[in-house]
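Here the structure comes first, spelled out in structure tokens, and everything after it is commentary.
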Amino acid sequence: MAYTIGIDLTFIKDLKKAVGNEIAALSIVEGLYNNMHGHNFIIFANEDNAEDLRNRYPLFNVIATTTGRSFYYKFLPWFIKKTEINVMYYPKVEPFINLKLKTKIVITSHGLIRGQDFFVLDKLRSRMLKNVNTVIAVSDFVKDELTKKKGVYPKKIVTIPNPLAQMNKSVDVVFKKRHIVAVGSDKPQKNIMLVVRAFEKLVPIIDHDLVLIGDISEKGEIYKYIVENNLAHRIILTGRVSRDILFGYYKNAELFVNTSTYEGFGLAPLEAMVFNAPVVSTPIPSISELENVRFDSDLNYEDNETEVANKMLAVLNSDKDIEYLENRAERILDYYSLESISRKYIQVFENV
């Protein structure tokens, strides 16, 4: 039996500079396009992204629409009443999400609240989840949080990790100097300030630059610290970049550093390892739940800037084992393959 499945992509502002959960959603859509299994898909997107999505996925019905509360509570109920949708899929939980639609609902949870100092990844409440038919957790770690912290019935949750897509597309990023890469933002749980302070300790003894990729505001604490401590000549702030440029940074990095204090999945370190970059990182579920794959050095949540700097330096000074890095990349790509993960999503939509 063929189903019609609606997918909400209205939360994505710019397809070319998508990050984090936006990347995960776009990767899932790409996988579904390659494994449609005779089903019909309707993609809801904002005006700026709709035409690009139509060009990418001509077999999908892409609907240009409004965003935010207007989309969730006016347009979407009207559209579902007018056009039969068997399953409505939300790849990311937004503040105004509508879970009272006259159709079956599937959502993906990327993580929960971890105290006042952490960014709210998914604003889920137990009463909201009663209206959801299936919750997809991106890791067993998130599934455990959903059951213990939100009281979600375990049989209602399916663990499906985020896939890795378009990993063969990159451009060469060439610098006059060697560089270290970190990806994040001003959000507290990304803990980018720790990377900056650790790198500051290494400035006198290494010739690398630090490249920070992501949303670092000029009004924020991190930017001000870089300027006030005369680090601007050694730290490069790129802002958001396209995927092929991001992969170019990974491919040419001497080291990738992740000091995040919370990740429901952990995409960036995973991607960096696919491009054979040595990685120093705090624990992330995408690696913790994958057998026989390790970081080049493990950071602890309680590590200060001196300890992080020492671990970074140790990896920089060690010989790079290309064969080991390539084998590690192959294991990661195999485990998080787009085809296998998209098939799991199709099974969820067919059995919800």
Side-chain angles (χ1 to χ4, degrees), residues 17-23 110-111 113-121 173 175 178-203 206 208-241 243 245-247 249-250 253-273 277-287 295-313 315-316:
K17 295 183 178 180
V19 297
N21 298 339
E22 298 173 343
I23 291 299
H110 298 272
I113 301 170
R114 291 296 297 255
Q116 294 181 350
D117 293 334
F118 293 93
F119 175 56
V120 181
L121 296 178
V173 178
F175 282 105
R178 295 179 294 175
H179 60 281
I180 299 166
V181 173
V183 174
S185 65
D186 290 304
K187 294 181 173 67
Q189 105 273 5
K190 293 301 181 182
N191 205 22
I192 291 295
M193 182 63 84
L194 181 57
V195 180
V196 172
R197 287 177 171 162
F199 177 75
E200 182 181 16
K201 289 186 173 296
L202 297 177
V203 165
I206 65 173
H208 302 67
D209 285 338
L210 173 63
V211 179
L212 296 182
I213 301 172
D215 295 322
I216 307 295
S217 171
E218 293 185 4
K219 298 179 180 179
E221 179 185 5
I222 296 169
Y223 183 88
K224 291 179 181 178
Y225 186 90
I226 291 171
V227 172
E228 291 171 0
N229 290 276
N230 299 315
L231 297 171
H233 67 295
R234 296 290 297 275
I235 298 179
I236 300 166
L237 302 176
T238 68
R240 290 194 180 196
V241 298
R243 298 289 283 163
I245 292 176
L246 174 64
F247 293 164
Y249 280 116
Y250 290 153
E254 295 285 324
L255 178 66
F256 179 89
V257 186
N258 171 58
T259 54
S260 175
T261 56
Y262 174 83
E263 294 288 346
F265 182 71
L267 183 63
L270 204 65
E271 292 176 333
M273 285 190 284
V279 172
V280 175
S281 178
T282 48
I284 57 172
S286 59
I287 294 299
F295 298 126
D296 299 273
S297 185
D298 296 315
L299 298 179
N300 301 311
Y301 292 127
E302 63 272 14
D303 283 351
N304 59 31
E305 56 262 36
T306 299
E307 292 164 327
V308 173
N310 287 338
K311 292 177 180 179
M312 290 169 61
L313 186 62
V315 175
L316 288 171

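- Atom CG of L194 and atom CG of D303 lie 8.0 Å apart (nearest 0.5 Å).
- Sorted by first and then second residue, the side-chain hydrogen bond (donor to acceptor under 3.5 Å, both in side chains) pairs involving residues 213-226 (not counting sequence neighbours) are E200-Y225, D215-R240.
- Side-chain contact check for P278 versus E254: every heavy-atom pair is 4.5 Å or farther apart.
- Under the 4.5 Å side-chain criterion, counting only non-hydrogen atoms from C-beta, M312 is in contact with V308.
- Partner of V280 under the side chain to side chain contact (heavy atoms under 4.5 Å, CB included) criterion, out of D298, L299, L313, I180: L299 alone.
- One finds the CD1 atom of I222 at 4.5 Å from the CD1 atom of I216 (value rounded to the nearest 0.5 Å).
- Pairing each heavy atom of E22 with each of A18, the nearest pair is OE1-CA, 3.2 Å.
- No side-chain donor-acceptor contact under 3.5 Å links S185 to the backbone of G214.
- A 4.5 Å side-chain heavy-atom check between P283 and F295 finds every atom pair outside the cut-off.
- Between R243 and E271, the closest side-chain pair of non-hydrogen atoms falls below 4.5 Å.
- Between I213 and Y250 there is no side-chain heavy-atom pair separated by less than 4.5 Å.
- Between Q189 atom CD and T259 atom OG1 the span is 10.5 Å, to the nearest 0.5 Å.
- In this structure, CZ in F256 is found 12.0 Å from CG in D296, a value given to the nearest 0.5 Å.
- A heavy-atom distance below 4.5 Å is found between the side chains of N258 and T282.
- For the atom pair F199 CZ and E305 CD, the distance stands at 14.5 Å (nearest 0.5 Å).
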Under 3.5 Å, side-chain donor or acceptor atoms of residues 230-237 against the rest of the protein: list the pairs with distances, not counting sequence neighbours.
{"from": "H233", "atom 1": "ND1", "to": "N230", "atom 2": "O", "distance (Å)": "3.2"}
{"from": "R234", "atom 1": "NE", "to": "H208", "atom 2": "O", "distance (Å)": "3.3"}
{"from": "R234", "atom 1": "NE", "to": "D209", "atom 2": "OD1", "distance (Å)": "3.3"}
{"from": "R234", "atom 1": "NH1", "to": "V203", "atom 2": "O", "distance (Å)": "3.3"}
{"from": "R234", "atom 1": "NH2", "to": "I206", "atom 2": "O", "distance (Å)": "2.9"}
{"from": "R234", "atom 1": "NH2", "to": "H208", "atom 2": "O", "distance (Å)": "2.7"}

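- Looking at heavy atoms from C-beta onward, K311 lies in side-chain contact with N300 at the 4.5 angstrom threshold.
- Annotation: side chain of V183 is in contact with side chain of L246 (closest heavy-atom distance under 4.5 Å).
- From Y262, atom OH reaches atom CG of N191 across 15.5 Å, with rounding to the nearest 0.5 Å.
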